[in-house]
Each structure stands twice: as C-alpha cells, then as structure tokens.
Enquirer: 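Structure in structure tokens, see below.
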Amino acid sequence: MQYQHVCLEAFGYQLPGEILTTAEIEARLEPVYRRLRLPAGRLELMTGIRERRFWSRETMPSSPSVTSAEQAIAAAGIDRRKIGALLHASVCRDYLEPATAAGVHNRLGLSSDCQVYDVSNACLGILNGMVQIANMIELGQIQAGLVCGTESSRALVENTIDTLNNDLTLTRESIKSAVASLTIGSASAAVLLVHRSLSRTQNRLTAAVARAATTGHELCRSGRDESIGGDALPLMNTDSERLLRDGVAAAVPAFAAFQAATGWSASEIDKTICHQVGAAHRKLMFESLGLSPDIDFATFETLGNTGSVAVPMTAAMAVERGHLKRGDHVALMGIGSGINVLMLGVDWQTAPVVVRETASVPHARTTRLPTAGSAS
C-alpha cells in the first residue's frame, strides 16, 4: 500500500492517574511466590517493565477516547465537519453492541455523514484503523478521518493475580503463561489523518505493509466472548516465548517488504515507534531487523504494554519530547497476536510548538503541530 495524498496530522492521548508498580504486583503475589519459591524482582527483570497504570473502576473506554479525540481535533485545528470517518479500534470497548464508536461520535458532535464503526485486531487495531482511513482518503472518499481507542487493564491484571494466588496446581513452568497478562497497562490515544490539501504539517504517510502468520493464532488468547458463554472475568493465556520468537520471525520478511514499499534502506530509517511489549522483545526485534535501538522511542518501562494504544501514544510522546525531527523517515511498527504485523512509513516534517495540559483531565496531553513552514 502506497500513498500520495495522506498526512498524519495530529495525536491526542491520555494517561490514567493510578500507578501500579511491578514491585507492588509481586507483593500481591506473595502467596504464589512463597509457594513456588520465586525470587522477588523476577517479573521486572524478565520484562523490563517497572510500572503500569489503571483507570478508575467506573471508567468506560469511550470516555477517555472522547478526550483523546478532542485533543487531536484541537491540535489539528480542523473543522470537525470535514471528518468523514470515525473508528474506535481498541481491544476494550463499552459493550458488544452498539459500536463504541457510535457513542464517541455522538459526544464529539461529528457529522451524520461520517462513517462510524469499531475495528478490532488485538494490539494492532489502531494501526489497522489508520490504514483504513488512509485508504479512504487516498481514494477520495473522505477528506479526514479519526481513529481512537482506550485500553483498560485493571480487570485483567487483578483477576490474574487472584487466579494465580488461588491455583494450587501451578508450577514454575505453568505460571509462565500468565506473565504477559501482568505486563498490560492502560492508556488512551487518537490519531487524525487528513488529505494533504488540508494538512498544516505535511507529515506524509508514504506506505504501509501488512503480513499475517496465523499459524500462531493460538499463542495468545483471552477469555471467550461472553455472548457465547465466555468467562465472567478476563484472563489471558500466552506462550510468551513462542509469541516473541514467531512474531519477530514474521516481522523480518514484513520489514523487507516495508523497505521496498518506502524505498528506504534500514540505514535510511531515522526513527522508529514500535509496539511496546518489553525489553526482550525490543532487543530481539531490533537485532533481527538490523536496526539500532538508538533511533527508537520506548515507553514500556513506565507504561507497560498498552495494546492497540501503544504505537500512537508512544508516537505522541515522542513528538512532545522532540524525538522526531524535520526530514526524518519514521517507521511505525507493530506485531500483534494472531500473529499479524503492520508497518507504516511517515515522512516527518514538523515538531510541536505547544504542548497544552488539559486541566479537566488528569495526565491528559495535547500535541499541537505547527504549519509545515514553521521552524523545527
């Protein structure tokens, strides 16, 4: 997939206020740690994740998604009547139906001509949504589109802790399938894409490459859909070692196709924003793709694995911290359970001039991008 007319115009994101450290998780797991004689500090050593965040218990995914979307709209300074598609693309959603996007659309006050639906693809949902919107823009169907999502990890993490403490059949080997569940964090993000004729940034999306390796579809699996008799509380079973190995193996040919689609060699990629899994994943991926981790911007250490939100949220934070510079070739790269790989290339042209705190929402950020003629 190659693009001539699509620009990545603005991000919005929001972080929950409640922080749960890995040390605190291990303290809560004291019964199983004592029973299996596991050393304290093991979880952080294995994952590189020091802490993650939770929303308040009553928070529905649509609420932070609305805030993140409003931030992106404000940052772009766009007339919201020009937004022709709204996609809600996180794993988490308010209900099985209607689409969570419907409630977000209503609260944003978008046009009745706007296409509204949910997209779901594990940790790649928002990246998939970006590609769908980019395709619509490239085909001339819409002028602008918005994709947003909110991941909420509290129920999964807390239920995993309770289950591990109460399962007397666990062994040092079998407990490994629960490690990934304890790395999941919460966050919200939104991305606004526009036709280049509307863009003030000219941050052009140049290409996207997807690759499926679905022989690995059973390596990471959550509870069954409750509408067909699923689990009352969320649990996730993950073969982390195979998922790591097979996911990176799928990324290698995808990266070769990405280089061909963008016309960039590995040495010509200036910056990377990747799905945030953990330290071992990051190390193996960069070694396998022949990239330097020095060009990457990472957030997993303090935010954990935030699912579909990870890439756009990390990109927004990279913008705020000045990681992206004018003229950079930027690779947005995701590997998700399934196994699916998605890589997007962006020719970056701008840096933020204003980072505005949204006073009504704790830890919310807006990244405002200047016009393409502004200084980097």
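We count residues from 1, following the sequence as given. Being a predicted model, the structure only gives us computed values, none of them experimental.
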Enquirer: Go through the steps for Arg154 and Glu18 under the test salt bridge (charged side-chain N to carboxylate O under 4.0 Å, His left out), then give the verdict.
Expert: CA-CA 10 Å; Arg154 178 191 290 274; Glu18 183 178 336; 2.5 Å; yes
Enquirer: So with a 6.0 Å cut-off around CZ of Arg37, is the heavy-atom count from everything else above 12?
Expert: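 No - once you tally the heavy atoms of other residues, nucleotides and ligands closer than 6.0 Å, there are 12 at most.
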Enquirer: Measure the acute angle between the ring planes of His323 and Phe297, then classify it against the limits of 30° and 60° as parallel, tilted or perpendicular.
Expert: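 Taking Phe297 first and then His323, their aromatic rings sit tilted (interplane angle of 30° to 60°).
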Enquirer: Would you say the side-chain atoms of Thr272 and Asp296 include a donor-acceptor pair closer than 3.5 Å?
Expert: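 Checked: Thr272/Asp296 side chains pair up, N/O donor to acceptor below 3.5 Å.
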Enquirer: Give, for atom CD1 of Ile137 and atom CG of Leu205, the distance between the pair rounded to the nearest 0.5 Å.
Expert: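 Atom-to-atom, Ile137:CD1 and Leu205:CG are 9.0 Å apart.
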Enquirer: Could you check Thr299 against Thr314 for side chain to side chain donor-acceptor pair (under 3.5 Å), going step by step and ending with a plain yes or no?
Expert: CA-CA 6 Å; Thr299 58; Thr314 302; 2.9 Å; yes
Enquirer: Any chance the side chains of Glu151 and Ser186 put a donor and an acceptor closer than 3.5 Å?
Expert: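 Judged by distance alone, the side chains do not pair up.
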Enquirer: Find the distance between CG (Leu110) and CD1 (Ile73) and round it off to the nearest 0.5 Å.
Expert: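 One gets 5.5 Å once the value is rounded to the nearest 0.5 Å.
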Enquirer: Ignoring hydrogens and angles, tell me if any N or O in the side chain of His329 forms a donor-acceptor pair with the backbone of Glu268 under 3.5 Å.
Expert: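 A pair under 3.5 Å: yes.
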Enquirer: Will you find, in the side chains of Gln71 and Ser68, an N or O donor that is under 3.5 Å from an N or O acceptor?
Expert: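 The criterion, which ignores hydrogens and geometry beyond distance, is not satisfied for Ser68 and Gln71.
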Enquirer: Determine whether a donor-acceptor pair (N or O, by modelled atom type, separation under 3.5 Å) exists between the side chain of Asp328 and the backbone of Trp348.
Expert: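 Not at all, since once roles are kept as given, no pair shorter than 3.5 Å links the two residues.
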Enquirer: Decide salt bridge (charged side-chain N to carboxylate O under 4.0 Å, His left out) for Arg80 and Glu70; before the verdict, give the C-alpha distance in whole Å, the side-chain angles of both, and the deciding distance to 0.1 Å.
Expert: CA-CA 10 Å; Arg80 65 187 65 210; Glu70 286 284 13; 3.0 Å; yes
Enquirer: Would you call Arg282 and Glu287 a salt bridge, taking side-chain N to carboxylate O under 4.0 Å as the test?
Expert: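 Here Arg282 does not pair with Glu287 in a salt bridge, since their nearest N and O are not under 4.0 Å apart.
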Enquirer: Check whether any side-chain N or O of Thr306 sits under 3.5 Å from a backbone N or O of Val309 as a donor-acceptor pair, and report yes or no.
Expert: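 It does not hold such a pair.
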Enquirer: So, Thr22 versus Glu51: side-chain donor-acceptor pair below 3.5 Å or not?
Expert: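 The answer is no; no qualifying pair exists.
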Enquirer: Under 3.5 Å, is there a donor-acceptor pair linking the side chains of Glu58 and Ser56?
Expert: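 Glu58 vs Ser56: donor-acceptor pair found between side chains.
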Enquirer: Are there over 12 heavy-atom neighbours, none belonging to Arg81, within less than 6.0 Å of that residue's CZ?
Expert: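 Counting other residues, nucleotides and ligands, CZ of Arg81 stays at 12 neighbours or fewer.
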Enquirer: Nearest heavy-atom pair of Gly247 and Val341: which atoms, and what distance?
Expert: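 Between these two residues, the closest heavy atoms are O-CG2, 4.4 Å.
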Enquirer: Determine whether Glu158 and Arg57 satisfy the following criterion, salt bridge (charged side-chain N to carboxylate O under 4.0 Å, His left out), listing intermediate values before the conclusion.
Expert: CA-CA 12 Å; Glu158 292 184 343; Arg57 294 185 185 279; 3.0 Å; yes
Enquirer: Is it the case that the side chains of Ser90 and Ser308 hold a donor-acceptor pair, with the cut-off being a distance below 3.5 Å and no angle test?
Expert: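 No - no donor-acceptor pair under 3.5 Å links their side chains.
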Enquirer: Run the numbers on Lys325 and Asp270 for salt bridge (charged side-chain N to carboxylate O under 4.0 Å, His left out), then give the verdict.
Expert: CA-CA 9 Å; Lys325 306 294 184 183; Asp270 300 296; over 6 Å; no
Enquirer: Tell me yes or no: between the side chains of Ser62 and Asp94, is some donor less than 3.5 Å from an acceptor?
Expert: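 Yes, because at least one side-chain N or O of Ser62 sits under 3.5 Å from a partner of the opposite role on Asp94.
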